[in-house]
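We count residues from 1, following the sequence as given. What's counted below: heavy atoms across the whole structure, side chains too, no hydrogens, waters or symmetry copies. What you see is a predicted model; the values in this text were computed from it and never measured.
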Amino acid sequence: MVSGTYAETYARSIGDPEGFWDDAAALVDWVQPPTRILDRSLDPASSWFADGKLNTCFNALDRHVLAGNGDRIALIWESPVSGRSAQYTYARLTDEVAKFAAVLRRHGVSRGDRVSLYLPMIPEAVIAMLACARLGAVHSVVFGGFAPRELATRIDDALPQVIVTASCGIERQRVIDYLALVDDALALADHQPGACIVKQRPEHRGRPSSGGDVDWDDAVRRETIPEPCVAVDAADPLYILYTSGTTGKPKGIVRDNGGHAVAMAWSMRYVYDIKPGDVWWAASDVGWVVGHSYIVYGPLIGGATTILYEGKPVGTPDAAGFWRVVAQHRPKALFTAPTALRAVKREDPEGLLLGQFDVSSLQTLFLAGERLDPDTYGWAAEHLAVPVVDNWWQTETGWPVAANLRGLDPMPIKVGSPSVPVPGFVIRILDENGSDTGPGVEGAVCLELPLPPGCMTTIWGAHDRFIESYFTQHEGFYHSGDGGYVDDDGYVFVLGRLDDVINVAGHRLSTGALEEVVSDHPEVAECAVIRGRTSWVPVEGLPSGRQMRSGRPRAVGAVIWNGLACFVRQRRCRGFPR
Ligand code: AMP
């Protein structure tokens, strides 16, 4: 597997999935190694490593300490918003996680119980996730930017035993009172967790510990006996991560322990080319799937050093935030979203700020989360002078479905394509009748069953909805909901959500394709197509659309054409030229 070319590896993963993933399972330490590799009796949900037992936290932490690597840095925390930073060796992180697991245990958390985490990008977020994994409990991380109502619906769905939060989050210059948000959420929620554990931050101390709150530091100080790892079944849930869903009711994507650990170990090594001891930085948030997979579990299971960044691409304090951290900690690769780079590019179009920093440690820039537009690709490739590698996946899949496998067999990059199917995934482009569209012809991007390890196993508490949402459109396939095509060389092109098509005067127009045309204009920094009014409307504070979700536009104009509005943010944000 290690020395094989992509073609050989891919062919084996599809021809002999059980043998392939049985070998890959050796990247993980098992309490009881699996003998039943793939169980398809539950199709369309495939169960991997059904009779295996393991602990995910043990794989992420303890095993590295036991192997003599306790002094290696596991976690680097950089927080430009608070002006603080910290480093945790594997030994220290294991110790802190084991103590916090003891705190959770004291508050009644045991295997299978849920714990909601509503935390900013601080080490305690990683510690709390791993502490849940240590107990065999199920964490539900709710993105810190979500409002009380979103938090409340997630609490009512997951029914957590405990909620863990912090006294505040920090957004550029603004301190956000998390406890007030949690209070509001709990007032809206029907379910009331048994305890609320609060990490008090010096930037803003929340209300004194009373009324059922537990102070994180006090509670940890009282624990003298570290909590051991609980062996769980491979199929036991590790976490629930909510996606917004189309009907308003969020979908709780469930990830298992065994398949996930194997997929994380395999993908760090072969998709991202990160080996034990490498420094790696996924500049995302722990509230998203990239944060789960590639800030926390992937790099730690892989024995690497991960960077946790409490800052923004721009404004903390400037558009060199990324490059400052790269120069200081010298990661081998950076993984972020095109939106983040567009924000940087907007403020530093010539790369002058970037040029002030030594970013020579970077061997690769990985981008995912949305379509990588050629303009952003070009800027990054020119100014970083490293391969810019797109990878396509979803919260549901948990790890890349299409990528250019840097640790296996790097191949030429085609701009606009995340390259080829990752071993384990069979990508098929289907038309409305379920037939293959053929090379170069657009259709629904579907994945043949069985899905490989690491993909969602159900929707929390709604298995019927899981089947209905993903497996009923085309018999025998997972329906990704994205549209795209595969070219003659087998490169995949993902064009956007199938439901992001707008019907205008009988024409089905892909918003992604229109956005691409507009964003090709050198003066345009970012744009989003929506169905709009038929007059010229400069808009302030347009609510975030898919292409704009990381930032609130300041100056926007709109180009109106035939009932479609294309909202545009100008490169330098000084009003739109009329
Ligand atoms: P999420 O589950 O929120 O991470 O969103 C997943 C969706 O983002 C996918 O279904 C795609 O529509 C889009 N997406 C993610 N990565 C890419 C990519 N590399 N290229 C194109 N679209 C992407």
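With 3.5 Å as the limit, one finds a donor-acceptor pair spanning the side chains of N391 and Y272. Side-chain contact annotation: Q394 with Y478, donor-acceptor N/O pair under 3.5 Å present. Checked by atom type, the side-chain pair T35/D51 shows a donor-acceptor distance below 3.5 Å. A donor and an acceptor atom, one from each side chain of D390 and W392, are nowhere located under 3.5 Å apart. A side-chain donor from one of Y470 and K251 sits under 3.5 Å from a side-chain acceptor of the other. For T243 and E396, the side-chain atoms include no donor-acceptor pair closer than 3.5 Å. For the residue pair T94 / D62, no side-chain donor-acceptor distance below 3.5 Å is found, with atom types taken as modelled. At a cut-off of 3.5 Å, with distance as the only test, a side-chain donor of S41 or D39 sits close to an acceptor on the other residue.
Look at D43 and R40 and you find a salt bridge, because one of the NZ, NE, NH1 or NH2 atoms lies within 4.0 Å of a carboxylate O, short of that distance. The pair R12-D23 counts as a salt bridge, with a side-chain nitrogen and a carboxylate oxygen less than 4.0 angstrom apart. Between R154 and E150 there is no salt bridge, since no side-chain nitrogen of the basic residue lies less than 4.0 Å from a carboxylate oxygen of the acidic one. With respect to R106 and E223, a salt bridge is recorded, a charged nitrogen being found less than 4.0 Å from a carboxylate O. Using a 4.0 Å cut-off between charged side-chain N and carboxylate O, D113 and R111 make no salt bridge.
In this structure, the ring of H292 has its center no less than 6.0 angstrom from the ring center of H260. A ring-centre distance under 6.0 Å is not found for Y309 and W77. A centroid separation of 6.0 Å or more is found between the aromatic rings of W281 and F335.
Between L405 and D273 there is no side-chain heavy-atom pair separated by less than 4.5 Å. A 4.5 Å side-chain heavy-atom check between L308 and I76 finds every atom pair outside the cut-off. Residues I127 and Y88 form a side-chain contact, since some pair of their non-hydrogen atoms from C-beta on lies under 4.5 Å apart. Using a 4.5 Å heavy-atom cutoff, the side chains of V486 and P439 are not in contact. Within the 4.5 Å cutoff, no side-chain heavy atoms of L151 are placed close to those of L186.
Here the straight-line distance linking atom CD of E448 with atom CZ of F477 works out to 5.0 Å at 0.5 Å rounding. In this structure, OG1 on T306 lies 8.5 Å from CH2 on W280, to the nearest 0.5 angstrom. Atom CG in N404 sits 6.0 Å away from atom CE in M411 (nearest 0.5 Å). Atom CG of D285 is separated from atom CD1 of I295 by 6.5 Å, given to the nearest 0.5 angstrom.
Scanning both residues, P423 and Y6, for their nearest heavy atoms gives CD-CE1, 4.1 Å.
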Legend entry - Worked check of ring pair (Phe, Tyr, Trp, His ring centres under 6.0 Å) between F49 and W30: CA-CA 10 Å; F49 314 116; W30 299 86; 5.5 Å; yes
Inset, instruction - Please step through ring pair (Phe, Tyr, Trp, His ring centres under 6.0 Å) for the pair W399 and Y294, ending with a clear verdict. - result: CA-CA 9 Å; W399 62 293; Y294 296 116; 8.7 Å; no
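Between the side chain of H64 and the main chain of N59, a donor-acceptor pair closer than 3.5 Å is present.
Classification of the F143-F146 ring pair by plane angle, with boundaries at 30° and 60°, yields perpendicular. Taking the six-membered ring for Trp and thresholds of 30 and 60 degrees, Y270 and W266 have ring planes inclined between 30 and 60 degrees apart.
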